[in-house]
Asks: 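Please see the structure below; I have some questions.
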Amino acid sequence: MKRIGILGGGQLGRMLAQSALSYDVELHFLDPDPAAPCAGFKHFVLGDITNFEQVYQFGKDLDALTIEIEKVNVLALKKLSAEGVKIIPKPEHIELIQDKCKQKVFYQENGIPTADFQLISNKSELLEHSQLLPAFQKLAAPAGKGVVEIKPRWMSIFDTG
């Protein structure tokens with residue numbers, strides 16, 4: 001029986017667990033939320049998926065490790081991979097998707113369809129590209145920071161909320 005670890009025990013982890021019922025695998029979950037959807041599973045570990053030592057200790061005795069969210073400790077995954085734990089997706093790929101700017105550039109350079117984008121590093125660059133507003137901002141890194149709508153000041157007169 002293969003022992004598979006999942007960093008994150010949320011809704012995606014639960015769906016993965018349901019899909020895995022047909023296979024001869026033992027699932028292990030690491031999640032910081034004691035009320036996570038996978039918290040009731042036999043091999044649920046309460047811990048920080050961004051903490052090097054906790055991710056390393058969680059994964060070192062597993063056959064394979066995957067993620068349900070990209071906000072994980074990649075350095076721990078690289079060490080585990082070097083020690084023979086199969087990491088899916090590869091730590092280098094997780095590292096790429098953790099930085100949304102690098103991810104978008106990768107898509108563009110490799111002909112992968114993606115929405116139009118403009119990389120902007122500071123407020124003066126934003127002002128230089130004000131013709132693009134309104135727009136949505138996605139922080140480059142760290143992953144998991146969400147999306148913010150940016151509007152020109154003159155549009156605020158139309159806000160009713």
Side-chain angles (χ1 to χ4, degrees), residues 1-110 112-123 125-126 135-150:
M1 175 179 293
K2 296 287 184 182
R3 296 166 35 103
I4 300 173
I6 303 169
L7 297 179
Q11 292 176 339
L12 292 175
R14 183 129 189 140
M15 288 189 285
L16 181 58
Q18 289 170 332
S19 296
L21 290 174
S22 303
Y23 302 96
D24 188 26
V25 296
E26 180 181 278
L27 296 181
H28 296 250
F29 298 90
L30 179 68
D31 194 278
D33 183 1
C38 295
F41 283 81
K42 180 179 180 182
H43 301 288
F44 178 84
V45 176
L46 191 62
D48 183 355
I49 61 176
T50 65
N51 179 282
F52 177 91
E53 192 60 31
Q54 289 182 35
V55 170
Y56 177 76
Q57 290 300 322
F58 173 74
K60 69 180 185 166
D61 295 321
L62 299 172
D63 298 302
L65 193 57
T66 191
I67 63 170
E68 69 141 36
I69 187 168
E70 71 266 18
K71 191 177 178 180
V72 297
N73 191 295
V74 172
L75 294 177
L77 295 179
K78 286 181 177 182
K79 182 175 182 180
L80 289 165
S81 178
E83 294 177 1
V85 177
K86 187 170 183 84
I87 310 294
I88 304 170
K90 292 180 179 180
E92 296 77 17
H93 298 160
I94 298 169
E95 191 170 43
L96 173 68
I97 65 172
Q98 285 182 334
D99 185 315
K100 298 307 176 196
C101 289
K102 289 180 184 176
Q103 179 183 13
K104 294 293 267 186
V105 170
F106 177 86
Y107 288 169
Q108 190 176 56
E109 290 174 349
N110 290 281
I112 299 169
T114 188
D116 290 339
F117 66 95
Q118 179 66 47
L119 301 181
I120 296 175
S121 301
N122 55 51
K123 188 175 181 179
E125 285 183 25
L126 177 62
F136 289 91
Q137 174 193 21
K138 178 77 174 172
L139 285 181
K145 291 292 185 178
V147 176
V148 176
E149 184 178 11
I150 301 174

Asks: Distance from Leu30 atom CG to Glu68 atom CD, nearest 0.5 Å?
Replies: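 One gets 10.5 Å once the value is rounded to the nearest 0.5 Å.
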
Asks: Could you go step by step and tell me if Phe58 and Leu65 meet the side chain to side chain contact (heavy atoms under 4.5 Å, CB included) rule?
Replies: CA-CA 10 Å; Phe58 173 74; Leu65 193 57; 3.6 Å; yes

Asks: Should Ile69 and Leu12 be marked as a side chain to side chain contact (heavy atoms under 4.5 Å, CB included) after you check the CA-CA gap, both sets of side-chain angles, and the distance that decides it?
Replies: CA-CA 9 Å; Ile69 187 168; Leu12 292 175; over 6 Å; no

Asks: Between Leu46 and Phe44, is any pair of side-chain heavy atoms under 4.5 Å apart?
Replies: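 Leu46 vs Phe44: side chains touch.
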
Asks: Specify the closest pair of heavy atoms between Pro37 and Arg14, including all atoms of both residues, with the distance to one decimal.
Replies: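 In this case the closest contact between Pro37 and Arg14 is O-NH1, 2.8 Å.
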
Asks: Would a 4.5 Å heavy-atom cut-off, applied to side chains only, mark Gln108 and Phe117 as touching?
Replies: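 A side-chain contact under 4.5 Å exists here.
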
Asks: Measuring only between side-chain heavy atoms, which start at C-beta, is Thr114 closer than 4.5 Å to Lys104?
Replies: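 Side chain of Thr114 against side chain of Lys104, heavy atoms only: contact under 4.5 Å found.
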
Asks: Answer whether the closest heavy-atom distance between the side chains of Glu83 and Tyr56 falls below 4.5 Å.
Replies: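 Counting from C-beta outward, Glu83 and Tyr56 do come under 4.5 Å.
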
Asks: Please determine whether a side-chain nitrogen of the Lys or Arg among Lys100 and Glu70 lies less than 4.0 Å from a carboxylate oxygen of the Asp or Glu.
Replies: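 The answer is yes: the pair qualifies as a salt bridge.
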
Asks: Where do Ala17 and Leu27 come nearest, in terms of heavy atoms and distance?
Replies: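 What the structure gives for the nearest pair is CA-CD1, 3.4 Å.
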
Asks: Where do Lys86 and Ile88 come nearest, in terms of heavy atoms and distance?
Replies: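 Heavy atoms only, the tightest pair is CE-CD1, 3.6 Å.
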
Asks: Side chains of His93 and Ile97: closer than 4.5 Å at any heavy-atom pair?
Replies: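 No, side chains not in contact.
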
Asks: Could you check, using the six-membered ring where one of them is a Trp, whether Phe29 and Phe41 have ring centers closer than 6.0 angstrom?
Replies: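 Yes.
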
Asks: Looking only at side chains, do Thr50 and Lys71 share a donor and an acceptor under 3.5 Å apart?
Replies: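 Side chains of Thr50 and Lys71: no pair found under 3.5 Å.
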
Asks: Under 6.0 Å from the NZ atom of Lys102, do we count more than 12 heavy atoms belonging to anything else shown?
Replies: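 No, because the 6.0 Å sphere around NZ of Lys102 holds 12 heavy atoms or fewer from other groups.
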
Asks: Would you say the side-chain atoms of Glu26 and His28 include a donor-acceptor pair closer than 3.5 Å?
Replies: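 Yes, a side-chain donor-acceptor pair sits under 3.5 Å.
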
Asks: Could you measure the distance from the SG atom of Cys101 to the CG atom of Leu96? Nearest 0.5 Å is fine.
Replies: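 Spacing of SG (Cys101) from CG (Leu96) equals 11.5 Å.
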
Asks: Please give me the minimum heavy-atom distance between Lys60 and Val85, naming the atom from each residue.
Replies: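 The answer is O-CG2, 4.3 Å.
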
Asks: Between Gly10 and Asp31, which heavy-atom pair has the shortest distance, and what is it?
Replies: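 Here Gly10 and Asp31 meet closest at N-OD2, 3.9 Å.
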
Asks: Using the side-chain hydrogen bond (donor to acceptor under 3.5 Å, both in side chains) rule, take Ser81 and Lys90 through it: C-alpha gap first, then chi angles, then the decisive distance, then the call.
Replies: CA-CA 8 Å; Ser81 178; Lys90 292 180 179 180; over 6 Å; no

Asks: I'd like to know whether Arg3 forms a side chain to side chain contact (heavy atoms under 4.5 Å, CB included) with His43, so could you lay out the CA-CA distance, the side-chain angles of the two residues, the decisive distance to 0.1 Å, and finally the verdict.
Replies: CA-CA 10 Å; Arg3 296 166 35 103; His43 301 288; 5.6 Å; no

Asks: Would you say that Ile67 contacts Pro89 through its side chain, given a criterion of any heavy-atom pair below 4.5 Å between the two side chains?
Replies: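 They are in contact (side-chain heavy atoms under 4.5 Å apart), so the answer is yes.
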
Asks: Give a yes or no answer on whether the side chain of Glu95 reaches the backbone of Pro91 with a donor-acceptor pair at less than 3.5 Å.
Replies: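 The answer is no, because no donor-acceptor pair under 3.5 Å joins these two groups.
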
Asks: Would you indicate whether Asn122, at its atom CG, is surrounded by more than 12 heavy atoms from other residues, nucleotides or ligands within a distance under 6.0 Å?
Replies: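 Result for CG/Asn122: enclosed.
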
Asks: Is Gln54 reaching over with its side chain to a backbone N or O of Gly47, donor-acceptor style, under 3.5 angstrom?
Replies: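 A pair under 3.5 Å: no.
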
Asks: Just wondering, do Ile94 and Val72 contact through their side chains at under 4.5 Å, heavy atoms?
Replies: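 They are in side-chain contact.
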
Asks: Minimum heavy-atom separation for Val55 to Ala76, with atom names?
Replies: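 Looking at all heavy atoms of both residues, the shortest contact is CG1-CB, 3.6 Å.
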
Asks: Run Leu7 and Asn73 through side chain to side chain contact (heavy atoms under 4.5 Å, CB included) and show every step you take.
Replies: CA-CA 10 Å; Leu7 297 179; Asn73 191 295; over 6 Å; no

Asks: Does Gln11 CD have over 12 foreign heavy atoms under 6.0 Å away?
Replies: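 Result for CD/Gln11: open.
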
